[in-house]
> 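Have a look at the structure that comes next, please.
Treat the numbers as computed from the prediction; the structure is a model and nothing was measured.
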Amino acid sequence: MATVDDMTLLPVPMEEEAPKRGVVDYSKLDEQIAELKTLAKTDLEEALEKLLALEKTHRLGADMVATKKVCIGIVQVCYFSGNFKLLNEHIVLLSKRRSQLKQAVVGLVQEAMSYIDQVKDVDTKTELISTLNTVTAGKIYVEVERARLVRQLVKIKEAQGDIEAAAEAIQEVAVETYGAMAKTEKIEFILEQVRLCLDCKDFVRGTIMSKKISARTFAEKPEPKPDDKKKGAAHGKDQQMPEAPALEGTASMSELKIRYYELLIRIQIHNSDYLEICRAYQSVFADKTVSEDPTKWPLALKKICWYIVLAPHGVEQQTLLHGVAGEKRLSELVQYHSLIKQFTTMEVIRWPVLKVNYQAEFTEIFSGEDAANMAQRLTDLQQRVVEHNILVICKYYKRITLVRLSELLDLDLAPAEKHISDMVVKKMVKAKIDRPAGIVDFEGKKDAAEVLNAWANNIERVLNLVDLSCHQIHKECMTHKVPIGGEVASRSAPRRSRLAAHARRLLFDLRGRAVQEAECQLWQPRASPPPPSRG
């Protein structure tokens with residue numbers, strides 16, 4: 001019987017080493033694939049069988065380079081045979097094989113996509129794109145290829161006139177979540193989604209799609225200074241990763257910016273939001289490709305002027321209006337400089353004169369719209385002129401007759417009364433209309449506290465002016481050593497200042513008592529009405 005010591009002397013059996021995976025000679029593999037391609041010209045079935053067997057060998061060996069080359073070779077053999085049905089079948093077959101490598105799927109999809117533009121038949125091209133869409137569905141490693149396939153399918157449907165089907169197809173792809181797609185290509189894809197929605201008159205969905213792009217995306221970032229780069233490298237800060245390459249033919253960022261704002265303008269024209277349209281045109285005008293082009297910037301500036309004039313009166317509108325008035329290039333457009341000046345000056349604008357002077361320019365700018373929209377723009381322009389005139393009249397008049405008001409507004413009595421009522425409802429002005437007397441009162445009714453505060457402020461201003469005048473007189477007397485009224489006058493001067501201070505104190509006491517009495521009257525309970533008599 002073996003003891004423990006004897007067992008320690010027994011040799012330990014060595015584990016069998018796993019067989020090493022063979023190293024593939026890729027040059028010989030390329031030669032083998034080339035021979036099979038030559039064989040496919042005479043015997044297509046046999047060549048495909050050998051290629052599929054070769055693909056299986058490398059796939060089970062987890063050789064992604066060799067598997068990718070064989071899959072691309074199979075796709076090429078099917079394409080050059082001219083049998084697109086066979087090509088579609090083998091694309092689906094290779095993508096669904098067990099333990100298929102991702103790199104192989106990416107390679108065969110990209111190879112098949114390169115044949116789409118070479119196919120002349122529309123039905124064959126559509127079938128190939130549908131097959132590739134089926135293969136790439138749900139695979140995150142070919143999401144960029146899927147988005148590009150959808151773009152090609154949308155172009156075909158749009159060329160056929162089926163815009164609704166094209167819009168429905170492109171809306172299914174959410175490229176904003178794709179990290180492997182270039183920034184410019186992603187923006188261009190979203191802009192196509194917005195454009196197709198607007199072409200289908202789906203402005204609600206188009207507005208939602210447009211919000212996927214922020215205006216800050218088009219802001220020009222300043223280039224980092226050399227010192228900042230050195231500091232970042234010294235502290236070990238990572239530099240920004242390079243962006244993914246965009247598809248050939250993708251528009252530049254400046255062109256995408258112009259297209260983005262053109263789509264926003266289409267949306268806001270449908271909503272008749274003149275203020276947002278003006279802001280969009282200001283962004284277009286600020287772009288270098290427009291501001292430095294003498295054929296483009298005048299039209300953009302003209303549209304800015306018209307839309308800021310058409311915008312309803314408000315704080316933001318007035319800010320933008322005065323900003324446009326300060327534009328240096330506006331002086332080169334004499335007629336538009338005069339138009340903006342009329343709306344920034346507190347003077348009445350005669351609507352008949354304005355209409356005659358700017359009718360031709362107005363028709364030229366809005367010639368792209370239909371007759372109904374142009375008539376609406378002209379009506380809105382007249383309303384803005386009336387609003388401006390009413391605000392001017394409020395500044396210079398406390399009370400005015402309706403007849404005189406209608407003459408200044410170039411309107412009849414009923415429309416003039418309606419415009420004032422609308423502005424009162426919008427809280428743009430404070431006014432009361434006495435219809436029997438035909439008088440408009442712009443002051444409005446003030447309560448007792450407001451009247452008392454105004455009176456007290458006026459008295460305080462008078463007393464301050466008296467003190468200041470006395471101080472200046474005494475200062476000049478002391479400077480030039482000139483006595484005023486002799487010794488008696490000099491003695492009486494402090495007495496007058498003391499009287500002024502005493503009057504001011506009495507004034508504030510009186511004001512406080514009046515406010516208290518007003519509050520007491522305000523909160524005093526009303527007397528109950530007498531009981532009704534019983535006949």
> Can you tell if the side chain of V204 reaches within under 4.5 Å of the side chain of D202, non-hydrogen atoms only?
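In short, these two side chains touch, coming nearer than 4.5 Å.
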> Could you report the tightest heavy-atom contact between V77 and A40, atom names first, then the distance?
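Closest pair (atom of V77, atom of A40, distance): CG1-CB, 3.5 Å.
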> Using only atom types and a distance under 3.5 Å, with no angle test, would you say the side chain of Q317 pairs donor to acceptor with the backbone of I308?
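Flag set: sc Q317 to bb I308 pair under 3.5 Å.
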> Using a strict cut-off of less than 4.0 Å between a Lys/Arg side-chain nitrogen and an Asp/Glu carboxylate oxygen, indicate whether E262 and R259 qualify as a salt bridge.
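The answer is no: the pair does not qualify as a salt bridge.
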> Can you name the one residue among R350, K355, Q382 that meets side-chain hydrogen bond (donor to acceptor under 3.5 Å, both in side chains) with D410?
R350
> Salt-bridged, E387 to R384, with N to O below 4.0 Å?
yes
> Side chain to side chain contact (heavy atoms under 4.5 Å, CB included) for Y115 and V75? Distances and angles first, verdict last.
CA-CA 10 Å; Y115 304 144; V75 173; 3.8 Å; yes
> The test is side chain to side chain contact (heavy atoms under 4.5 Å, CB included); show your working for L320 and Q282 and say whether it passes.
CA-CA 10 Å; L320 287 177; Q282 280 185 323; 3.5 Å; yes
> Is any side-chain heavy atom of K183 closer than 4.5 Å to a side-chain heavy atom of M253?
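K183 reaches M253 side chain to side chain.
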> Would R404 and E407 satisfy salt bridge (Lys or Arg N to Asp or Glu O under 4.0 Å), going step by step from the backbone distance to the final call?
CA-CA 5 Å; R404 177 58 179 162; E407 291 177 359; 3.4 Å; yes
> Measure across C71 and Q100 and return the closest heavy-atom pair with its distance rounded to 0.1 Å.
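Between these two residues, the closest heavy atoms are SG-NE2, 4.3 Å.
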> Are any non-hydrogen side-chain atoms of L408 and I400 less than 4.5 angstrom apart?
yes
> Give a yes or no answer on whether the side chain of Q193 reaches the backbone of V173 with a donor-acceptor pair at less than 3.5 Å.
yes
> Is the number of heavy atoms from other residues, nucleotides or ligands within 6.0 Å of CE (M428) greater than 12?
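Correct, the count exceeds 12.
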> Give a yes or no on whether a salt bridge exists between E55 and R59, defined as a side-chain N under 4.0 angstrom from a carboxylate O.
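Yes, this pair counts.
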> Any sub-3.5 Å donor-acceptor pair from Y260's side-chain atoms to S214's backbone N or O?
no
> Between E31 and K28, is there a salt bridge with N-O shorter than 4.0 Å?
no
> Keeping K69 on the side-chain end and D30 on the backbone end, is there a donor-acceptor pair under 3.5 Å?
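Checked: no pair found.
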> May I ask you to check whether over 12 heavy atoms, not counting those of E164, lie within 6.0 Å of atom CD?
no
> If you compare all heavy atoms of Q335 against all heavy atoms of N357, which two are closest, and at what distance to 0.1 Å?
NE2-O, 2.9 Å
> Assign the ring pair Y307 / Y281 to parallel, tilted or perpendicular, where the plane angle (0 to 90°) is split at 30° and 60°.
parallel
> Where does the angle between the aromatic ring planes of F203 and H270 fall among parallel (under 30°), tilted (30 to 60°) and perpendicular (over 60°)?
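Correct class here is parallel.
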> Which heavy atom of S406 sits nearest a heavy atom of L413, and at what distance?
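Heavy atoms of S406 and L413 come nearest at OG-CD2, 3.6 Å.
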> Below 4.0 angstrom, N of the basic side chain to O of the carboxylate: do R266 and D199 qualify?
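A salt bridge is present here (some side-chain N lies under 4.0 Å from a carboxylate O).
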> First locate atom CG of L51, then atom CD1 of I33, and finally report the distance between them rounded to the nearest 0.5 Å.
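Going from CG on L51 over to CD1 on I33, the span is 7.0 Å.
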> Is the shortest heavy-atom distance from the side chain of V194 to the side chain of I213 under 4.5 Å?
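The answer is no; the side chains never approach within 4.5 Å.
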> In Å, rounded to the nearest 0.5 Å, how long is the span from OG1 of T124 to CG of L87?
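The distance works out to 10.5 Å.
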> Got a second to check how far S421's OG is from I433's CD1, nearest 0.5 Å?
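Going from the OG atom of S421 to the CD1 atom of I433 covers 4.0 Å.
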> Roughly how far apart are T67 OG1 and L54 CG, rounded to 0.5 Å?
9.0 Å
> Does any N or O in the side chain of T136 come within less than 3.5 Å of the main-chain N or O of N133, such that one atom is a donor and the other an acceptor?
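Yes: the side chain of T136 pairs with the backbone of N133.
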> Can you spot which of V105, V109, L132 makes a side chain to side chain contact (heavy atoms under 4.5 Å, CB included) with I91?
L132
> Can you tell me if N389 uses its side chain to pair, donor with acceptor, with the backbone of I349 under 3.5 Å?
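Side chain of N389 to backbone of I349: a pair is present.
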> For V386 and Q383, run side chain to side chain contact (heavy atoms under 4.5 Å, CB included): C-alpha distance rounded to whole Å, both residues' side-chain angles, the deciding distance at 0.1 Å, then the answer.
CA-CA 5 Å; V386 171; Q383 186 173 354; 5.6 Å; no
> Is the count of non-hydrogen atoms from other residues, nucleotides or ligands lying under 6.0 Å from E168 atom CD greater than 12?
no
> Using side-chain heavy atoms (C-beta onward) and a distance below 4.5 Å, is R148 in contact with E185?
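The answer is yes, as the side chains (C-beta and beyond) meet within the 4.5 Å cut-off.
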> Looking only at atom types and distance, does a side-chain atom of S338 sit under 3.5 Å from a main-chain N or O of V334, one as donor and one as acceptor?
no
> Where the side chain of R377 meets the backbone of F362, is there a donor-acceptor pair that is under 3.5 Å apart?
no
> Considering non-hydrogen atoms only, spot the tightest contact between T207 and S210 and give its length.
O-OG, 2.7 Å
> If you measure only the distance, is there a donor-acceptor pair under 3.5 Å linking the side chains of Y79 and E111?
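No donor-acceptor contact under 3.5 Å links the two side chains.
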> Just wondering, more than 12 heavy atoms not from Q318 lying within 6.0 Å of its CD?
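Check passes, neighbour count above 12.
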> Nearest 0.5 angstrom please: I393 CD1 to H388 NE2, how far?
10.0 Å
> State, without any angle test, whether D380 and Y274 hold a side-chain donor-acceptor pair at a distance under 3.5 Å.
yes
> Do the side chains of L354 and L339 get nearer than 4.5 Å, heavy atoms only?
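Yes, close enough: below the 4.5 Å cut-off.
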> Rounded to the nearest 0.5 Å, how far does CD1 of I390 lie from CZ of F442?
7.0 Å
> For E176 and I190, indicate whether the former's side chain and the latter's backbone hold a donor-acceptor pair under 3.5 Å.
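No: the side chain of E176 does not pair with the backbone of I190.
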> Considering only heavy atoms from C-beta outward, does the side chain of L263 approach that of L191 to under 4.5 Å?
yes
> Report the C-alpha distance between E192 and R195 in whole Å, list the side-chain angles of each, state the deciding distance to 0.1 Å, and finish with yes or no for salt bridge (Lys or Arg N to Asp or Glu O under 4.0 Å).
CA-CA 5 Å; E192 283 296 306; R195 182 184 66 81; 2.8 Å; yes
> Return yes if some donor-acceptor pair links the side-chain N/O of H337 with the main-chain N/O of L333 below 3.5 Å, else return no.
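Answer holds: no.
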> Might you work through the side chain to side chain contact (heavy atoms under 4.5 Å, CB included) test for R329 and S291, ending with a clear yes or no?
CA-CA 10 Å; R329 294 189 181 184; S291 60; 4.3 Å; yes
> What heavy-atom pair brings Q171 and C197 nearest, and what distance separates the two atoms?
NE2-SG, 3.2 Å
> Are the side chains of W306 and E361 in contact, using a 4.5 Å heavy-atom criterion?
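Sidechains of W306 and E361: in contact.
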